[in-house]
Colleague: 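Before anything else, here's the structure in question.
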Number of protein chains: 2
Amino acid sequence: MDDVETRELRYFVAVAEELHFGRAAQRLGIAQPPLSRAIRLLERRMGVTLLDRTSRAVHLTPPGEVLLTEARRALDAVEAAIRRTRKAARTTPRLTLALKPGGDAGLLRTILDRYAASPGAVPVDLAFRVGERAAMVRDGRADLALLHRPQNDLTGLDSDDLHTEDQVVLLPEGHRLAERATVSMADLHGEPMPRWPEARPGVTGHPVTDSNQLLHLIQLGRLIAVVPESVGEYLPPGLISRPVLDADPATLVLAWSQTSTSREVAAFVRAAVAG
Amino acid sequence: MDDVETRELRYFVAVAEELHFGRAAQRLGIAQPPLSRAIRLLERRMGVTLLDRTSRAVHLTPPGEVLLTEARRALDAVEAAIRRTRKAARTTPRLTLALKPGGDAGLLRTILDRYAASPGAVPVDLAFRVGERAAMVRDGRADLALLHRPQNDLTGLDSDDLHTEDQVVLLPEGHRLAERATVSMADLHGEPMPRWPEARPGVTGHPVTDSNQLLHLIQLGRLIAVVPESVGEYLPPGLISRPVLDADPATLVLAWSQTSTSREVAAFVRAAVAG
DNA sequence: CCGTGGCGATACCTTGGCGGTATGGATGAC
DNA sequence: GTCATCCATACCGCCAAGGTATCGCCACGG
C-alpha cells in the first residue's frame with residue numbers, strides 16, 4: 001500500500017473541514033501552495049478525486065466524505081497510541097477517571113475507598129467533564145469513565161454496569177405537567193429537550209454544555225430534561241421532578257478501553273463492581 | 001502533540017517484531033543506520049525508551065509493548081481509511097461478504113436472492129475465509145461478514161442476529177461420550193478443543209486453520225469440537241454428533257463496520273433480516 | 001586471554017521532497 | 001471591463017531521510 005503519512009491526513013482533514021485552502025493552510029501554519037500540492041499528491045497516490053475545486057468553492061466528493069470520517073478516526077488512533085505509550089512510561093502510575101459532576105449516583109465515594117484499600121492501589125485523578133468522557137477514554141486521556149447507557153455511545157469500550165435507576169423529568173414550577181404525579185414519554189412529545197455534547201448521532205435538541213446551564217434553562221421554562229432520579233433528588237428552587245413511568249431506565253456504567261492491559265485499571269474495576 | 005508519522009510507526013513495528021535492527025531494515029527495504037536513527041528520534045520525541053538494546057539483543061520495554069499494540073491498531077486504521085476511500089470511489093459498487101465455508105446455516109441462498117431482487121442491488125462477491133472475517137470488515141477488505149456470537153469478537157462492528165441454534169459436540173466413533181445420547185459442558189472438561197485463528201483473546205486450544213483439518217483431527221481422536229447443529233448435520237464417516245444440552249446457543253450474525261454509511265450495505269442488511 | 005564475528009551506533013555525504021515566495025489563470029461581483 | 005478572490009504553477013532553498021564506511025561493544029571459540 002502506497003504509504004500515506006499522518007501529515008497528509010491532517011492536511012486533508014483541515015481542508016475538508018474548512019473547505020478553503022487558504023484558511024486551512026493558515027490553520028496548519030503553512031503556506032497555501034504546499035498545501036495544494038500535498039492534497040493533489042495525496043489524490044494522485046490514492047487514485048481518487050477527494051475534492052471538487054472551482055476557483056470559487058471547494059466541495060467534498062463522496063469518497064472525500066468517506067476519507068474525512070476515516071482519517072479523523074485514524075488520526076485519533078495515532079494520538080491514542082502516543083498518549084497510552086507515554087502513560088505506560090510513567091514511573092508512578094496514576095489513574096484518571098472521567099465523570100460528570102454529580103453523575104456518580106452517590107457511589108463514587110465507596111468505590112474510591114474500596115479501591116484505595118485494595119493492594120497496589122495508585123492515586124486516582126478525577127476529570128470532571130460534561131461531554132467527551134467517552135472520547136477521553138478512547139484516546140487515552142482518561143483510563144476510566146462513568147457513563148450512562150443508553151445515552152452514551154460505548155463503541156470501543158468495555159464496561160461493567162454499576163447501578164440502574166429510573167428516570168424523572170425536571171420541570172419548571174408552573175409547567176403544564178407539574179400538577180401530574182407522574183408522566184409518560186408520550187406526554188413529553190414536542191417539548192424542547194437538551195442535547196449534550198457527544199450525544200449519539202441522531203439525538204437532537206437544544207445544545208447544552210453544563211448542568212448548571214441546563215438547570216437554569218429549565219427554570220426559565222426554555223427546556224425540560226429527563227434525568228436519572230438521583231440527579232433529581234436535590235433541586236434548586238423553582239424546579240420540580242416527576243417520575244417518567246415508561247422511560248428506559250438509565251444504567252450507570254464504568255467504562256474503560258478495550259485495549260487496556262493495565263493492572264491498575266483491572267484492579268479499579270474489580271473494586272467498583274465488588275459491591 | 002509532536003507529529004508522529006506512520007512511517008515511524010511502521011519502522012517501530014518492524015523492529016519490535018523482529019527484535020533485530022538489521023532484519024527489520026531489510027524487511028523495510030532500507031539500510032540499518034537510518035532505521036536506528038529513526039527509532040532513536042522517535043524515542044526522543046516521545047520522551048520514552050521503547051527498546052532496551054545491548055549489542056547482543058534487543059528487547060521491548062513495557063511502554064514499547066504498549067506502543068506495539070497501539071501502533072498496529074493505528075496503522076490498521078490508516079489502511080482502512082485508504083481502502084474504504086478507494087472503494088467509495090468505484091464507479092460500479094460491489095459488496096464483499098466474508099463467510100466461513102458452510103457457515104451460513106443454509107440461509108445465504110435466500111438472503112442473496114432477496115437482496116438481488118431489491119431495488120438498486122449490486123453484485124455481491126463472496127470471500128470464503130475461516131478466520132480473519134471480522135478483521136476483513138474492520139479494515140475494509142470486506143463490507144459484510146457472517147460471524148458467530150459469542151465465538152467472534154464483534155468489537156467495532158454493528159450486527160444483526162440472523163439465526164440462533166443449539167450446539168452439538170463432534171466426536172470420533174468410539175469416543176467415551178459416544179454412547180451417551182446427550183452430553184453437558186461439564187462432560188467435556190479436559191478434552192482437547194480447537195482454537196480458530198482470530199478467536200477472542202483468552203480462548204485456548206489446539207490451533208486449527210480450516211474445517212477439513214478440524215474434521216480430520218477429530219476423526220483421528222486428537223480433538224473434539226463444539227459446533228452449531230447445522231454444521232453437524234452432514235458428517236463424514238467416522239464422526240458423530242451429540243447435543244450439548246447446556247452450551248450457550250450460537251447465534252449467526254451479519255456484521256458490518258460501524259462507520260459504514262454505504263447505501264448498499266444498508267440494503268443488504270435489510271434484505272437479510274427481512275425474513 | 002586473545003582473535004573473531006555479529007550487531008547497533010556514529011560520522012559523513014547525497015539528494016529528494018517539503019515549504020516558501022512570486023505569479024498565473026479562472027471565475028464571480030459590480 | 002475591472003477588480004477581488006482563490007486555487008494552481010513555477011521556481012528556489014534547505015532540512016532531513018537514506019546511503020556508505022566505520023567504530024565500539026560484547027559473546028564466544030580456541
Side-chain angles (χ1 to χ4, degrees), chain A residues 1-61 63-65 67-68 71 75 78 82, chain B residues 1-61 63-65 67-68 71 75 78 82:
Chain A
M1 179 90 17
D2 343 48
D3 309 339
V4 170
E5 296 299 326
T6 60
R7 181 180 50 83
E8 310 182 80
L9 295 181
R10 275 191 293 271
Y11 285 7
F12 173 75
V13 169
V15 175
E17 285 177 354
E18 300 283 347
L19 292 177
H20 190 291
F21 281 75
R23 278 196 298 275
Q26 197 171 1
R27 189 173 118 188
L28 293 165
I30 65 171
Q32 170 257 317
L35 178 58
S36 288
R37 195 182 41 186
I39 299 292
R40 187 161 293 280
L41 212 69
L42 179 64
E43 288 181 317
R44 294 192 79 101
R45 273 198 313 205
M46 297 197 45
V48 173
T49 302
L50 301 168
L51 297 160
D52 277 333
R53 359 173 163 17
T54 70
S55 62
R56 281 329 260 183
V58 175
H59 297 290
L60 281 168
T61 62
E65 300 269 7
L67 185 59
L68 177 56
L75 291 174
V78 172
I82 297 168
Chain B
M1 180 86 21
D2 344 46
D3 309 342
V4 170
E5 297 299 325
T6 60
R7 181 182 49 85
E8 309 182 82
L9 295 181
R10 275 191 293 271
Y11 285 6
F12 172 74
V13 170
V15 175
E17 284 177 354
E18 300 283 348
L19 292 178
H20 189 292
F21 279 75
R23 277 196 299 276
Q26 198 170 2
R27 189 172 118 188
L28 293 165
I30 65 171
Q32 169 258 317
L35 179 58
S36 289
R37 196 181 40 184
I39 299 292
R40 188 161 291 283
L41 212 69
L42 179 65
E43 286 181 320
R44 293 194 80 100
R45 273 201 314 212
M46 297 196 45
V48 174
T49 302
L50 301 169
L51 298 160
D52 278 332
R53 355 165 160 28
T54 70
S55 64
R56 283 326 261 184
V58 176
H59 298 289
L60 281 168
T61 61
E65 300 268 8
L67 185 59
L68 177 57
L75 292 174
V78 172
I82 297 167

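Sequence lines set the chain letters: A, B, ... in the order given, protein chains first and strands last, and positions in each chain run from 1.
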Colleague: Could you check how far CD of A:Q26 sits from P of D:dC7, rounded to whole Å?
Modeller: 12 Å
Colleague: Which one, D:dT20, C:dG8, D:dC7, comes nearest to the side chain of B:A31?
Modeller: D:dT20
Colleague: Classify B:R37 by what it touches in the nucleic acid, base, sugar-phosphate, or nothing, heavy-atom distance under 4.0 Å.
Modeller: base
Colleague: Taking all atoms of both residues into account, what is the closest heavy-atom pair of B:F12 and B:G64, and its distance?
Modeller: CZ-O, 3.6 Å
Colleague: Quick one: is D:dA8 close enough that its OP1 or OP2 comes under 4.0 Å of any side-chain N or O from A:S36?
Modeller: yes
Colleague: CD1 of B:I39 versus P of C:dT10: gap in Å, rounded?
Modeller: 14 Å
Colleague: Take atom CZ of A:R23 and atom C1' of D:dC7, then tell me their distance rounded to the nearest Å.
Modeller: 13 Å
Colleague: From the set C:dG8, D:dT20, D:dC7, return the single nucleotide nearest to any side-chain atom of B:P33.
Modeller: D:dT20
Colleague: Could you tell me whether A:E17 and A:R23 make a salt bridge, using a distance below 4.0 angstrom between a side-chain N and a carboxylate O?
Modeller: no
Colleague: Kindly give the heavy-atom pair with the smallest separation between A:L28 and A:R10, and that separation in Å.
Modeller: CD2-O, 4.2 Å
Colleague: Taking all heavy atoms of A:L35 and all of A:F21, pick out the closest pair and write down the distance.
Modeller: CD2-O, 3.4 Å
Colleague: For the helix from C:dC1-D:dG30 to C:dC30-D:dG1, figure out the bend between the end axes, five pairs an end, and round to 10 degrees.
Modeller: 20°
Colleague: Is the phosphate of C:dC7, meaning OP1 or OP2, less than 4.0 Å from a side-chain N or O of B:R53?
Modeller: no
Colleague: Between atom CG in A:L35 and atom C1' in C:dT21, what is the gap in whole Å?
Modeller: 16 Å
Colleague: What's the closest nucleotide to the side chain of B:L41 if the choices are D:dG19, D:dA17, C:dG20?
Modeller: D:dA17
Colleague: Is it the case that the side chain of A:E43 and the backbone of A:L50 share a donor-acceptor pair, with hydrogens and angles ignored and the cut-off at 3.5 Å?
Modeller: yes
Colleague: Report the distance from atom CG of A:D3 to atom C1' of D:dA17, rounded to the nearest whole Å.
Modeller: 14 Å
Colleague: For D:dG18, does OP1 or OP2 lie under 4.0 Å from any side-chain N or O of B:R7?
Modeller: yes
Colleague: Can you tell me the distance, in whole Å, between the CG atom of A:L28 and the P atom of C:dG19?
Modeller: 10 Å
Colleague: Rounded to the nearest Å, what distance is computed from the CD atom of residue A:Q32 to the P atom of nucleotide C:dG19?
Modeller: 13 Å
Colleague: Heavy atoms from C-beta onward define the side chain here; which of D:dT9, C:dG19, D:dG18 lies closest to that of B:P34?
Modeller: D:dG18
Colleague: Given atom CG of B:L50 and atom P of C:dG8, what is their separation to the nearest angstrom?
Modeller: 16 Å
Colleague: For the residue pair B:I39 and B:R53, what are the closest heavy atoms and their distance?
Modeller: CG2-NH2, 3.8 Å
Colleague: Looking only at non-hydrogen atoms, find the nearest pair between B:T6 and A:V4 and report the distance.
Modeller: OG1-O, 2.8 Å
